[in-house]
2 protein chains.
Amino acid sequence: MVLEIKPTQALRLWREVHLDLVRDTQADLSVRQTAILLTIYLELPPHTVRGLAARLGVTKPVITRALDSLGKLGLVTRKRDELDKRNVVIQRTVAGALAVEHLADLVTARARELGPA
Amino acid sequence: MVLEIKPTQALRLWREVHLDLVRDTQADLSVRQTAILLTIYLELPPHTVRGLAARLGVTKPVITRALDSLGKLGLVTRKRDELDKRNVVIQRTVAGALAVEHLADLVTARARELGPA
DNA sequence: CGACAATGATACGGCCCCGTAACGATCCGG
DNA sequence: CCGGATCGTTACGGGGCCGTATCATTGTCG
């Protein structure tokens with residue numbers, strides 16, 4: 001079940017999806033924010049600021065600010081860890097799950113349209 | 001030669017490549033800039049500001065500023081159209097071609113690593 | 001020639017993101 | 001109990017992108 005994709009197809013796929021994203025008035029996430037959102041929704045919880053920072057190779061303020069933005073969009077939520085009150089646990093939301101699902105639809109749809117070569 | 005990709009695979013692919021892009025210190029293009037760059041390198045020339053604006057569904061200043069940024073990075077070049085001096089023709093560069101090729105490598109490599117489901 | 005259209009660039013005010021440094025809160029070990 | 005480590009946040013200065021409106025240049029057509 002290996003996914004065989006040629007360089008030309010990869011680029012066309014990337015372009016088509018990005019065109020869709022540009023036209024989608026709502027979605028305007030940066031590369032960092034996208035990486036964070038997908039990590040939260042694809043990897044097993046719990047997720048912490050420090051963990052995400054290490055995972056992405058960025059500093060903690062980057063994560064904090066990204067969570068501020070994603071939170072403002074309703075795509076994630078934060079909650080204090082009751083066991084260790086220094087930690088913050090990032091939680092998923094319905095809106096976030098929908099947004100991720102929407103992205104998946106976009107990519108699969110565009111992939112299906114790709115011709116050969 | 002249709003590209004079959006499942007939603008879960010699409011999301012994992014999207015995430016892995018975005019993680020690579022975040023770690024790549026250099027690349028920090030916005031969604032718009034990426035769409036513009038790929039359009040320039042995948043569609044047949046000539047490319048104009050107006051044409052790209054219409055193609056992406058954005059205003060002309062967006063294109064002008066994106067070209068400023070991409071030009072500063074050496075990924076594209078602008079040249080006055082001698083036949084109609086109102087037009088500006090966007091040209092490709094070696095560095096730009098390399099960057100696009102690099103992206104293609106990234107996507108194909110990550111796609112190849114995707115397991116089933 | 002002269003009014004008008006079209007092209008791309010620029011000005012402006014606003015908002016968001018970045019990296020570094022510092023901060024308050026919390027936990028831990030002696 | 002208390003100094004130090006850890007966690008997440010905030011402050012600061014700088015830079016980039018956005019949308020709207022406006023501009024200079026060039027072309028077109030009566």
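First the proteins, then the strands, lettered A, B, ... as listed; each starts at 1.
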(request) Quick one: closest heavy-atom pair of A:Arg32 and B:Asp28, and the distance? (result)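 For A:Arg32 and B:Asp28, the tightest heavy-atom pair comes out as NH1-OD1, 4.0 Å.
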(message) Using the rule that Ile, Leu, Val, Met, Phe, Trp and Tyr join whenever any side-chain heavy atoms are under 4.5 Å apart, tell me whether B:Val88 and B:Tyr41 fall into a single cluster.
(response)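 Per the 4.5 Å side-chain linkage, B:Val88 and B:Tyr41 are not co-clustered.
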(message) Test of understanding: clusters of I, L, V, M, F, W, Y form through side-chain heavy atoms closer than 4.5 Å, transitively. Do B:Leu73 and B:Ile90 belong to the same one?
(response)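 Yes, it is one cluster - the side chains of B:Leu73 and B:Ile90 are joined through contacts under 4.5 Å.
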Which part of the nucleic acid, if any, lies within contact of [X], taking any heavy atom under 4.0 Å across all strands shown: a base, the sugar-phosphate backbone alone, or nothing?
X: A:Leu52; answer: nothing
X: B:Ile90; answer: nothing
X: B:Ser69; answer: sugar-phosphate

(request) Could you tell me whether the side chains of B:Thr39 and A:Arg15 share a donor-acceptor contact shorter than 3.5 Å? (result)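 B:Thr39 vs A:Arg15: donor-acceptor pair found between side chains.
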(request) Dump the intermediate steps for salt bridge (charged side-chain N to carboxylate O under 4.0 Å, His left out) on B:Arg78 and B:Asp68, then the final yes or no. (result) CA-CA 9 Å; B:Arg78 272 181 280 200; B:Asp68 288 344; 2.3 Å; yes
(request) Name the residue closer to the 5' end of DNA chain C, choosing between A:Lys85 and A:Thr59 according to the nucleotide with the nearest heavy atom. (result)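 Its nearest nucleotide being more 5', the pick is A:Thr59.
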(request) Between A:Val62 and A:Asp81, name the one whose nearest nucleotide on DNA chain C is closer to the 5' end. (result)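 Upstream on the strand: A:Val62.
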Can you give me the N/O atom pairs linking the protein to nucleotides 6-10 of chain D at distances under 3.5 Å, or say none if there are none?
residue: D:dT6; atom: O2; partner: A:Arg86; partner atom: NH1; Å: 3.4
residue: D:dC7; atom: OP1; partner: A:Arg50; partner atom: NE; Å: 3.3
residue: D:dC7; atom: OP2; partner: A:Arg50; partner atom: NE; Å: 3.0
residue: D:dC7; atom: O3'; partner: A:Asn87; partner atom: OD1; Å: 3.2
residue: D:dG8; atom: OP1; partner: A:Val49; partner atom: N; Å: 3.3
residue: D:dG8; atom: OP2; partner: A:Arg50; partner atom: N; Å: 2.7
residue: D:dG8; atom: N7; partner: A:Lys60; partner atom: NZ; Å: 2.6
residue: D:dT9; atom: OP1; partner: A:Arg78; partner atom: NH1; Å: 2.8
residue: D:dT9; atom: OP2; partner: A:Thr64; partner atom: OG1; Å: 2.8
residue: D:dT9; atom: OP2; partner: A:Arg78; partner atom: NH1; Å: 3.3

Backbone N/O of [Y] and side chain of [X]: donor-acceptor pair under 3.5 Å:
X: A:Thr108; Y: B:Pro7; value: no
X: A:Glu43; Y: A:Ile40; value: no
X: B:Glu113; Y: B:Arg110; value: no

(request) Would you please indicate if the ring centroids of A:His18 and B:Trp14 are separated by under 6.0 Å? (result)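 Judged by ring-centre distance (under 6.0 Å), A:His18 and B:Trp14 do meet the cut-off.
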(message) Under 4.0 Å, heavy atom to any atom of DNA chain C: which of residues 31-41 of chain A qualify?
(response)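 Heavy-atom contacts with DNA chain C come from A:Arg32, A:Gln33.
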(request) Give the first and the last nucleotide of DNA chain C, reading 5' to 3', that has any atom under 4.0 Å from a heavy atom of chain A. (result)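 First-to-last contact on DNA chain C, by the 4.0 Å heavy-atom rule, is C:dC17 to C:dC27.
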(message) Could you measure the distance from the CG atom of A:Leu38 to the CG atom of A:Leu103? Nearest 0.5 Å is fine.
(response)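 One gets 6.0 Å once the value is rounded to the nearest 0.5 Å.
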